[in-house]
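These figures come from a predicted structure and were not determined experimentally. Per chain, numbering begins at 1; letters A, B, ... match sequence-line order.
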Protein chains: 2
Amino acid sequence: MVERALAASEAEARLVRMLKALGNPIRFQIMKTLAERRTCITQEIVATTPLAQSTVSQHLKVLREAGLIEGEISGPATCYCIDVRGVRWLKDQIEQWLPECCTSDVPWGAFSEQESQRQPGRCC
Amino acid sequence: MVERALAASEAEARLVRMLKALGNPIRFQIMKTLAERRTCITQEIVATTPLAQSTVSQHLKVLREAGLIEGEISGPATCYCIDVRGVRWLKDQIEQWLPECCTSDVPWGAFSEQESQRQPGRCC
DNA sequence: CTCTTTTATCGTAATTTTACGATATAAGGG
DNA sequence: CCCTTATATCGTAAAATTACGATAAAAGAG
């Protein structure tokens with residue numbers, strides 16, 4: 001079970017990494033731009049921001065390392081697009097984790113392996 | 001349309017705020033704990049972490065201000081639970097934004113108001 | 001009223017993130 | 001080969017985040 005726990009926490013780490021990457025206004029905007037235009041070279045993305053090229057390149061690196069975008073070298077430029085598999089995975093994770101705590105009657109135990117010893121509805 | 005644009009960017013700011021709040025391992029774990037136990041007082045959450053009480057209190061504040069959890073004063077303690085409406089809203093936003101860039105043929109224009117002047121599939 | 005329990009907030013130090021300019025690399029045109 | 005274009009990376013400064021201990025406030029027990 002250690003491997004499963006490790007795998008779970010690796011997935012969780014990846015999920016948190018993605019959430020953190022998206023939790024920045026500039027990077028979120030870059031994702032929107034890429035979603036709208038499907039593909040952009042770095043300079044085009046730079047043009048949509050008030051930031052320096054090097055700063056945007058850094059943000060692109062964060063998004064790339066989080067598995068949210070892909071970059072393909074195209075001549076002297078790099079062509080970026082959304083990492084569809086990564087975003088799908090993220091969406092699946094969000095759907096898997098978050099609804100479980102919001103769907104009324106279903107016990108929330110599935111949200112974690114640990115067993116809760118509290119009866120529901122104590123306060124709040 | 002200014003109000004709509006403002007409202008949209010306010011919603012976006014809220015969404016980014018939520019993503020940022022979740023994009024921290026400790027805070028993500030707190031959400032998991034609350035989902036599993038449904039309600040916790042601060043001290044119980046502190047006990048699940050290696051951190052000082054004041055630090056956890058700070059993280060709870062971030063989650064609260066992001067609209068992800070609710071705190072209700074209960075005697076000398078504060079009882080926390082997940083803000084179901086907030087989490088539902090987050091999930092709706094994620095479903096609304098992210099899938100649009102991943103569902104194959106559908107044009108991605110709906111992802112943003114701006115009009116793209118690029119034909120799809122130039123690279124990547 | 002005094003003491004205990006439980007929190008939130010304040011002040012502060014350490015770490016991380018964010019941003020910039022400068023620079024090195026890579027590709028292609030002339 | 002030289003020049004332009006496009007990018008990533010490096011070094012560094014400023015800002016934000018994260019963490020801690022100390023402290024103040026609030027509620028209840030004795």
Between A/K61 and B/P50, which is nearer to the 5' end of DNA chain D once each is assigned its nearest nucleotide?
A/K61
Distance, nearest 0.5 Å, that separates [atom1] of [X] from [atom2] of [Y]:
X     : Y     : atom1 : atom2 : value
A/I30 : A/L63 : CD1   : CG    : 6.0 Å
B/M31 : B/H59 : CE    : NE2   : 14.0 Å
B/R85 : B/D92 : CZ    : CG    : 12.0 Å

Please report, rounded to the nearest Å, how far the [atom2] atom of [N] is from the [atom1] atom of [X].
X     : N      : atom1 : atom2 : value
B/E72 : D/dA26 : CD    : P     : 18 Å
B/L19 : D/dT17 : CG    : C1'   : 17 Å
B/Q58 : C/dG11 : CD    : C1'   : 11 Å
B/R17 : D/dA16 : CZ    : C1'   : 14 Å
B/E44 : C/dT5  : CD    : P     : 16 Å
B/I73 : C/dT7  : CD1   : P     : 11 Å
A/L51 : D/dT7  : CG    : P     : 15 Å
B/I41 : D/dA26 : CD1   : C1'   : 14 Å

For residues 16-25 of chain B, pull every pair meeting side-chain hydrogen bond (donor to acceptor under 3.5 Å, both in side chains), keeping only residues two or more places apart or in separate chains.
none
Dump every N/O contact between nucleotides 21-24 of chain C and the protein below 3.5 Å, one line per pair.
{"from": "C/dG21", "atom 1": "N7", "to": "A/S54", "atom 2": "OG", "distance (Å)": "3.3"}
{"from": "C/dG21", "atom 1": "O6", "to": "A/S54", "atom 2": "OG", "distance (Å)": "3.2"}

With heavy-atom distances below 4.5 Å as the criterion, would you say the side chains of A/L34 and A/I45 are in contact?
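Yes, close enough: below the 4.5 Å cut-off.
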Of all the nucleotides listed (C/dT7, C/dA8, D/dT9), which has the minimum atom distance to the side chain of B/S57?
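My answer, after comparing the listed nucleotides, is C/dA8.
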To the side chain of A/H59, which of C/dT9, C/dT18, D/dT18 is closest?
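The listed nucleotide nearest to A/H59's side chain is C/dT18.
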Note: for A/I26 and B/Q43 on DNA chain C, the residue whose nearest nucleotide lies more 5' is B/Q43
What is the nucleic acid contact for A/T78, judged by heavy atoms within less than 4.0 Å: base, sugar-phosphate only, or nothing?
sugar-phosphate
Can a side chain N or O of [X] be found less than 4.0 Å away from OP1 or OP2 on [N]?
X     : N      : result
A/Y80 : D/dA6  : no
A/T42 : D/dA6  : no
B/N24 : D/dT17 : no
A/K20 : C/dT17 : yes

State, to 0.1 Å, how close B/L19 and A/G23 come at their nearest heavy-atom pair, and which atoms those are.
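In this case the closest contact between B/L19 and A/G23 is CB-CA, 3.9 Å.
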Establish whether B/V87 and B/W89 are linked, either directly or via other cluster members, by ILVMFWY side-chain heavy-atom contacts under 4.5 Å.
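Cluster IDs for B/V87 and B/W89 match.
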